[in-house]
Amino acid sequence: MNIKIRNANVTDAPFLAKMILQSSRAGKKDGIFDIAFNMKDDKKVLEKLEMLVQTTAKNYTHFSNFLVAEMDGKSVGSLCSYEPRIATKEQLIVALKELGCSEEANDRLNVYYNCDFELNNRTLMFDFMEEEDDFLDVGVLKALMQKSLLTARLKGYRIAQTIIEIGSLEAELFYKKLGFHVVEQKECEEYKEKFGRAGLMLMSIEF
């Protein structure tokens, strides 16, 4: 089966919402968007995420930042790449306001931002690298990453980074196989209390 990689468009919103939620939970009961939206109903969280990827504010989850992998005409994987100088925390706050979220949503996000890293604005960030369960280990994620790195090089980038949770061994191993290495770790008590994970890990690749 051939893997086709394409730029996401607005009609991909439902699929991207699913991939974002799957990625943000990473095996946990709740992820950052469950906390931000303060909802327990998966359907409602997905509806909010569908709206978030389409906001006027170009937040980092915006559909224009995504690649989608297809096999036999079915969307099977996603990868988001964004520039931290453009897709800032402030842009996400503006986007959440577009959805009608209150300031309390921004306050709830601080559990993540208080454990975040100072990012180099000349670095490209990767996030939401996910695949459907029925298409594991067929090369979907590798194809997405290869396409993203090629595009990044053409744009003049030479360093890409990603942030994963400490203890996410599968994700860490996969990124290391792609050539990423750990550059910084940050343990945060509040993050551990909320998500049951010690904190976050910054990984980087030069290409």
Side-chain angles (χ1 to χ4, degrees), residues 1-28 31-33 46 49 53 59-84 86-87 116-117 119-120 122-185 197 199-207:
M1 292 186 288
N2 291 328
I3 302 170
K4 176 186 175 184
I5 308 296
R6 63 172 176 81
N7 293 323
N9 58 62
V10 70
T11 65
D12 293 307
F15 175 73
L16 297 179
K18 180 184 177 183
M19 294 293 97
I20 290 170
L21 186 58
Q22 181 175 305
S23 176
S24 64
R25 286 178 175 171
K28 308 185 299 296
I32 191 66
F33 294 104
L46 286 168
L49 284 171
V53 304
N59 73 93
Y60 77 113
T61 71
H62 195 269
F63 73 84
S64 61
N65 293 328
F66 279 84
L67 291 178
V68 171
E70 287 184 342
M71 296 182 73
D72 295 333
K74 174 182 171 62
S75 297
V76 297
S78 70
L79 177 59
C80 171
S81 61
Y82 65 93
E83 300 171 89
I86 297 174
D116 208 356
F117 302 93
L119 299 176
N120 183 334
R122 291 302 305 156
T123 298
L124 191 69
M125 296 299 299
F126 287 141
D127 207 340
F128 309 124
M129 184 168 66
E130 286 292 321
E131 59 190 343
E132 292 278 18
D133 290 342
D134 293 341
F135 293 85
L136 301 176
D137 302 322
V138 296
V140 171
L141 298 184
K142 185 176 180 180
L144 282 163
M145 184 60 73
Q146 287 175 337
K147 176 65 173 177
S148 288
L149 290 175
L150 176 61
T151 303
R153 176 175 281 277
L154 292 174
K155 290 182 178 179
Y157 286 97
R158 293 296 178 266
I159 299 174
Q161 296 183 322
T162 190
I163 297 171
I164 64 172
E165 290 177 321
I166 296 172
S168 297
L169 298 181
E170 280 191 28
E172 182 181 351
L173 181 60
F174 183 80
Y175 276 113
K176 283 182 175 178
K177 283 183 177 179
L178 291 172
F180 284 76
H181 63 279
V182 178
V183 293
E184 189 177 353
Q185 290 191 148
R197 304 284 171 86
L200 299 173
M201 179 185 297
L202 181 67
M203 302 187 73
S204 182
I205 185 173
E206 295 183 25
F207 53 93

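Atoms CE and CD, on Met19 and Glu132 in that order, are 4.0 Å from each other to the nearest 0.5 Å. Interatomic distance, CG of Leu16 versus SG of Cys80, reported as 9.0 Å (0.5 Å rounding). For the atom pair Asn2 CG and Met71 CE, the distance stands at 8.0 Å (nearest 0.5 Å). Note that CG of Leu119 is 11.0 Å distant from CG of Leu124, once rounded to the nearest 0.5 Å. Ser148 OG to Tyr157 OH: the interatomic distance, rounded to the nearest 0.5 Å, is 12.5 Å. Residue Ile86 holds its CD1 atom at 13.0 Å from CG of Asn59, rounded to the nearest 0.5 Å.
Between the side chain of Gln22 and the main chain of Glu131, a donor-acceptor pair closer than 3.5 Å is present. In this structure a side-chain-to-backbone donor-acceptor pair under 3.5 Å is present from His181 to Ser204. A distance-only check finds no donor-acceptor pair linking the side chain of Arg197 to the backbone of Gly167 [under 3.5 Å]. Without hydrogens or angle criteria, Arg158 side chain to Arg153 main chain gives a donor-acceptor distance under 3.5 Å. In this structure a side-chain-to-backbone donor-acceptor pair under 3.5 Å is present from Ser78 to Phe128. Remark: the backbone N or O of Ile20 is paired with a side-chain donor or acceptor of Ser24 at under 3.5 angstrom.
Here the side chains of Phe117 and Glu184 are in contact, with some heavy-atom distance below 4.5 Å. Within the 4.5 Å cutoff, side-chain heavy atoms of Met125 are placed close to those of Ile163. Considering only heavy atoms from C-beta on, Ile159 stays 4.5 Å or farther from Arg122 through its side chain. The closest side-chain heavy-atom distance from Phe126 to Leu149 is below 4.5 Å. No side-chain heavy atom of Leu49 sits less than 4.5 Å from a side-chain heavy atom of Thr61. Inter-residue side-chain proximity for Val182 and Lys176 is flagged as met; some heavy-atom pair is nearer than 4.5 Å. Side-chain atoms of Leu79 and Leu141, non-hydrogen and from C-beta on, never get closer than 4.5 Å to each other. The side-chain heavy atoms of Phe174 and Met145, taken from C-beta on, include no pair separated by under 4.5 Å.
Residues Ala69 and Val140 share a closest heavy-atom pair of CB-CG1, 3.7 Å. Heavy atoms only, all atoms of each residue included: Ile3 and Ile5 are closest at CG2-CD1, 3.8 Å. Considering all non-hydrogen atoms of both residues, Ser168 and Ile164 come closest at O-CD1, 4.1 Å. The two atoms that bring Thr123 and Pro84 nearest to each other are O-CD, 3.1 Å, heavy atoms only.
Between Asp134 and Lys74 there is no salt bridge, since none of the side-chain N atoms of the basic residue sits less than 4.0 Å from a carboxylate O of the acidic one. Residues Glu130 and Lys18 are not paired through a salt bridge, judged by the lack of any N-O separation under 4.0 Å between the basic side chain and the carboxylate. At a threshold of 4.0 Å, the pair Glu165-Lys28 counts as salt-bridged, since one of the basic side-chain nitrogens sits closer than that to a carboxylate oxygen.
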Full working for side-chain contact (heavy atoms from CB on, under 4.5 Å) between Val183 and Met203 | CA-CA 6 Å; Val183 293; Met203 302 187 73; over 6 Å; no
